[in-house]
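Nothing fancy with the numbering, it's 1 onward along the sequence.
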Amino acid sequence: MYDTPLILKFDDIDAGMLPLVGGKAANLGVLTTAGLPVPPGLCVTTEAYRRVTEQAGLEEVLDALAVTAAGETRALNELAGRARELVLAAPVPADIADAVRRSAHGPVAVRSSATAEDLPHASFAGQQDTYLNVIGADAVLDAVRRCWASLWSDRAVAYRAANGIDHRAVLAAVVIQEMVQSEVAGVMFTANPVTGRRREAVIDASPGLGEAVVSGAVNPDHFVVDTATGRITERRLGDKRLAVRSLPGGGVEHVETGMEGACVTDAQIRALAELGGRVEDHYGSPQDTEWAVDAGGALWLTQSRPITTLFPVPRHARPAGAGSAVAGAGRRTDPTARRTDRAAHLRSGGHAGPGGSGPVGGEPGGARIYFSFSVAQGIYAPITPMGMSAFRLLSSSAAALLGVPVTDRLDGAPQFAEASGRMFIDVTGMMRSRVGRVGLPRVLDVMEARSATVLRGLFDDPRFSVTQRSVRPALRRLVKNAIRFRIPARAAQALLKPEKAHRRAERLGVRLRAQLAAPADATALERLDHVERILGTRAVPLLPTVVPGPLAGFAMLGLAYRLLGDRARPGELQTVLRGLPHNVTTEMDLALWHLATRIRADREAVSLLLGTPAAELADRFGDGTLPGVVDRGLKEFLAVYGVRAVAEIDLGVPRWSEDPTHVIGVLANYLRLEDPALSPDALFARGAAEAVLMIKSLSARVGGVRGLIVRFALSRARALAGIRELPKFSMVTILAAMRAELVTIGTGLTTHGLLDSPQDIFFLTMEEVRTALTPTPGKTTPEQNAPAPSEGRTPAASRQSTPAPSGGSTPTAPGDAAPPYPATLRVLVSERREDAARERRRRHLPRVLLSDGTEPEAVATAAPVDGALTGTPASAGSVTGIARVVLDPVGAHLEPGEILVCPSTDPGWTPLFLTAGGLVMEMGGANSHGAVVAREYGIPAVVGVASATEHIVTGQRITLDGTSGMVITA
């Protein structure tokens, strides 16, 4: 009646059996087949669990779990308890019970093996139960039933909810494994989980069974080993006061121990490290393993799972699937090739350069330094594949300006790298250059101060010693581009006549609008050509035409700083930059405020905005059913600023013109502000007046000719520095226009059945779209042109938990007829959406990462002192108020006067500044975007405060000193 096996031996299990045997058993099967020292065992498959529970009455619980949020802990626990009771009460069919009883031979370990367990993105370590030293058929059957029930432990249910894993999709298998009566056991990570360093084994060991170490019940011996050399680099002995040992009749006991010295020899430590290296090479990724040494000295591997907390080492090469959607999909489904590639990647220090084969930028070989451009821009979410394609093209264009050769512009500049959907720049060459070592940290001081500190901390590392001491190559490139774009002449002109710089900026806008739209009758391929041409050759060269103005303005600020010396007190020069004119972001925020002011005169409109969810109001705006003052005002605002968005540098992100929900929410927030003295236009005007007075005061302090020069310099700084936001606004305008072209292409692909919606195109790359559009002999339509996937597989074939795409064919097994290409492409999009959803849950992103996986900041971070958090002063002044921690500005509500605490900001955040009493940011430097806007609005700000969103909680009263850079939380 049932063809699916109930029992499988480890020798018969492979990695493709995850849905049948779960993660733990799949890994043990893979390790056994690889010839690694795994104790023999078998698996009670998920078929047994399914048959036992299908009549258990779990449907009601599953329905309730589906609508229970991850944060509703009490409700989740209650539902988990009901599920456990139902599973334990379910009768076990006779054939299943007999099969389990027949598997009981001698002392065994009975361990859960869920289908959502020991996965690359979610380890589920310790979420289900394990029973050790189980003896006897009935005892084994009882342990198996309890393992099934432990799929519904409180912690397992909460973990699935937090990781977005469907409770219905998870099944439980059970491992029954020969018990190793270990003399010593423990855990080994094949990469350092604290520093991230690859090929560095971290071993914890204790006498008895490994449960003592795994459960945290003992202070074990701790060793760190260089896997490549076998050298023990760190040795810390624990007290090992407790051991878990087997009882003769079954079960275990906890006994007191008093062992002196190490519980493992140096030879055993090196053997463990060597075993860990073999396991890692086999899987192609760092592993979290459990091991045991028996009385005879034999070393056993009892478990291995991926280390899920490590951030991947950035790579230059486009990820698998980049050449052609289908060809890439074929590469993804070849596990042997994947393991080989990953093993080579690991042996090379965890880095691949151009083409995935070597280092990028600078000198060949050796350690590399990667700076996170995503973090510096305040972008925590992963960038869409199309957004990454756009940045590769932009980086190619920027490299060309600097005279850096680019092999393939779709690959990007040699220094461009990515990991987990985040952008990185290989700055090794700059850090090994005399000019770069001076210039890069100084630039970051005003952009992302914490990254500058981390990079300076690498100055003494001999791997990154200066090898390029001459300043002439950098000087030649600088002079060449300065002449090419007439930067000195335009900067001088801006100083003499600032209005000319402003007119040039206005002309840039006109030029952009004239160049960005493709012809209305352009074909899809012509539109794609247009997008690649704009991003790859034309966008970046437009920007130097605007740079001379703000460059001259900040040069004047620097001149005034030098002339004033100690006559200027801390924070006074920042005051000069308050209420800057000609700042496109400030003008945007004030335009939104003025719209709120107009709406305030219409009581019906005010009532509607304050009492209706922003998403519903956005729908009504789309339908044209909002009150006239709101409808007209939004259309006017979006006509100018609709190109913007939160995380706007990713062209895969919808613009405000497409989805104005955020803008409408901010409007409602503005309507709650009733004190005229706190209105943004009043604050802006007050800041501008304070700046004018400060210029007079500072120039008077030095007097004479020097005072006149200071007055001129600071006046020019105010006249020109505001243009600093225009280059980014111009780039965002370009990205928005290219997004519109891609949506048009996506609409065509959707019409032809290749995509489910036009927006899906942003989960493909430029080259993948070109493959789908390019005609081949005998095939004229996109459906005909698209080739079938190699080996008859879809991109999701190796990910068996992925559902079949709606409207497409079900993925087939190897050897079956391949499904139509449209289904393949839709599965690829679905898979990438799932990847992005997982990546958005990633809590920690490194600012700087080395090619061996080390995160320098993790090594150097020290705890805050005396309850004070420290950062970089960004906007002078002091304020005490209630903190409001905001991780996402969309839908955020800030009461007037509250102190905004956030990871970072981009222009999508700045409307919140208008009601904020102060600003604390984890990212940024004194001249980062958030700091500049905070100064302009006259609110105190401290940036670069490590883990501020973790140390500070909403509702906490804090004191913020924007002059000293201190945040007092006590």
List the atom of [X], the atom of [Y], and the distance in Å for their closest heavy-atom pair.
X      : Y      : value
Ile723 : His502 : CD1-CD2, 3.5 Å
Gly652 : Thr384 : CA-OG1, 3.4 Å
Val540 : Ser397 : CB-OG, 3.4 Å
Val630 : Leu609 : CG2-CD1, 4.0 Å

Main-chain N/O of [Y] paired with [X] side-chain donor or acceptor, under 3.5 Å:
X      : Y      : result
Arg422 : Ser420 : yes
Glu616 : Pro613 : no
Ser830 : Arg826 : no
Arg655 : Pro660 : no
Glu418 : Arg315 : no

Distance (rounded to the nearest 0.5 Å) between [X] [atom1] and [Y] [atom2]:
X      : Y      : atom1 : atom2 : answer
Thr545 : Leu508 : OG1   : CG    : 5.0 Å
Ile599 : Arg632 : CD1   : CZ    : 10.5 Å
Leu755 : Thr750 : CG    : OG1   : 5.0 Å
Phe637 : Leu592 : CZ    : CG    : 4.5 Å
Ile734 : Leu542 : CD1   : CG    : 5.5 Å
Leu410 : Met766 : CG    : CE    : 8.0 Å

Checklist entry - Does NZ or CZ of Arg847 lie under 6.0 Å from the centre of the six-membered ring of Phe371, at an angle within 45° of the ring axis? => result no
Checklist entry - Is there a side-chain contact between Tyr641 and Glu587 (heavy atoms, below 4.5 Å)? => result yes
Next on the checklist: Please identify which of these residues, Arg644, Arg724, Lys728, meets the side chain to side chain contact (heavy atoms under 4.5 Å, CB included) condition with Thr585.
Outcome noted: Arg644
